[in-house]
Amino acid sequence: MLKVVLLVVGTLIAGLLVFTITRPDDFRVQREIEIQAPPEKIMPLLTDFRQFGQWSPWEQLDPAMQREFSGATSGPGAIYAWKGNDKVGQGRMEILSVTPDKVLIKLDFLSPFEAHNTTEYMLTRRGGTTRLSWAMFGPANFLTKLMGVFSIMDSTVGKDFEKGLSQIKAVAEKP
């Protein structure tokens with residue numbers, strides 16, 4: 001009986017590993033929100049890392065988090081590095097480009113795991129409102145693929161994006 005159970009468990013694990021290997025070599029997590037404010041009011045919240053504390057879903061997770069700002073004050077070349085507890089880890093962001101409707105950021109996680117991704121904010125004016133889209137994408141290593149099998153990446157990061165978008169909305173819609 002034990003041999004049968006071990007064989008079944010081994011077969012399931014092998015099947016999961018084979019399925020994981022066949023997953024796409026990249027990933028994308030994206031969320032959107034409608035904000036009652038023009039893009040010009042939202043853009044500074046995205047292009048000046050010193051303003052992240054007003055809305056970032058991770059800023060409040062570690063009050064003792066170490067932050068370092070360097071490079072340009074805002075826009076291309078602005079750099080934000082952080083080191084915190086297990087909830088926020090350690091990493092670095094650098095704004096690569098800014099247009100009136102898009103911000104592109106290089107995002108490097110250093111711990112608790114290493115990953116190199118891209119963050120993209122897209123702003124679409126709709127009359128007096130703005131549709132803000134927040135996406136993160138990059139290569140999917142084996143661990144990322146395995147997380148994708150169980151939708152962990154999309155559900156976990158997606159919840160953080162939803163919280164951050166709600167907080168951006170609240171800040172941008174203040175009179």
Do E34 and R126 have side chains that approach each other closer than 4.5 Å (heavy atoms only, starting at C-beta)?
yes

Quick one, N117 and F109 - any side-chain contact, counting heavy atoms below 4.5 Å?
yes

Would you check if Y121 and M43 make a side-chain contact, meaning some heavy-atom pair closer than 4.5 Å?
no

State which residues pass salt bridge (Lys or Arg N to Asp or Glu O under 4.0 Å) with K102; sequence neighbours excluded, sorted by chain then number.
E120

Report the C-alpha distance between R28 and M136 in whole Å, list the side-chain angles of each, state the deciding distance to 0.1 Å, and finish with yes or no for side chain to side chain contact (heavy atoms under 4.5 Å, CB included).
CA-CA 6 Å; R28 183 178 186 93; M136 180 175 70; over 6 Å; no

Keeping T130 on the side-chain end and I35 on the backbone end, is there a donor-acceptor pair under 3.5 Å?
no

Would a hydrophobic clustering, with Ile, Leu, Val, Met, Phe, Trp and Tyr connected at side-chain separations under 4.5 Å, put V157 with F137?
no

Say whether L104 and V98 are linked into one hydrophobic cluster, either directly or through other cluster members, by side-chain heavy-atom distances under 4.5 angstrom.
no

Would you check if the side chain of N85 reaches a backbone N or O of L61 as a donor-acceptor pair within less than 3.5 Å?
yes

Does anything in residues 166-175 form a salt bridge (charged side-chain N to carboxylate O under 4.0 Å, His left out)? List the pairs, not counting sequence neighbours.
K169-E173

Atom of G89, atom of P112 and distance for their closest heavy-atom approach
CA-CD, 4.0 Å

Applying a strict under-4.5 Å side-chain criterion to I, L, V, M, F, W and Y, I'd like to know whether I33 and W58 cluster together.
yes

Is any side-chain heavy atom of K3 closer than 4.5 Å to a side-chain heavy atom of M1?
no

Is a side-chain donor or acceptor of S56 paired with a backbone partner of G53 at a separation under 3.5 angstrom?
no

Is the shortest side-chain heavy-atom distance between I105 and L96 below 4.5 Å?
no

Who are the ring-ring contact (aromatic ring centres under 6.0 Å, His included) partners of F52, not counting sequence neighbours?
F49, W55

Using 0.5 Å steps for rounding, measure from the NZ atom of K106 to the OG1 atom of T119.
12.5 Å

In short, salt bridge (charged side-chain N to carboxylate O under 4.0 Å, His left out) pairs touching residues 39-53 with sequence neighbours left out are E40-R125

Side chains of L132 and L165: closer than 4.5 Å at any heavy-atom pair?
yes

Give me the atom names and distance for the closest heavy-atom approach of A172 to A37.
O-CB, 3.7 Å

Testing the basics here: between P57 and W134, what is the closest heavy-atom pair and its distance to 0.1 Å?
CD-CH2, 4.0 Å

side-chain hydrogen bond (donor to acceptor under 3.5 Å, both in side chains) involving E59 - partner list, sequence neighbours excluded:
R67, Y80

Flag side-chain contact, heavy atom, 4.5 Å: L45 against V171
yes

Which pairs, with at least one residue in residues 76-94 and sequence neighbours excluded, count as a salt bridge (charged side-chain N to carboxylate O under 4.0 Å, His left out)?
R92-E94

Does any non-hydrogen side-chain atom of R31 lie less than 4.5 Å from one of V29?
yes

Looking at every non-hydrogen atom in both residues, tell me the closest pair between P139 and H116 and how far apart they are.
CD-O, 3.4 Å

Does one hydrophobic cluster hold both L46 and M122, with members joined at side-chain heavy-atom distances below 4.5 Å?
no

When you group the ILVMFWY residues by side-chain heavy-atom contacts below 4.5 Å and let the links chain together, are I95 and L107 in the same group?
yes

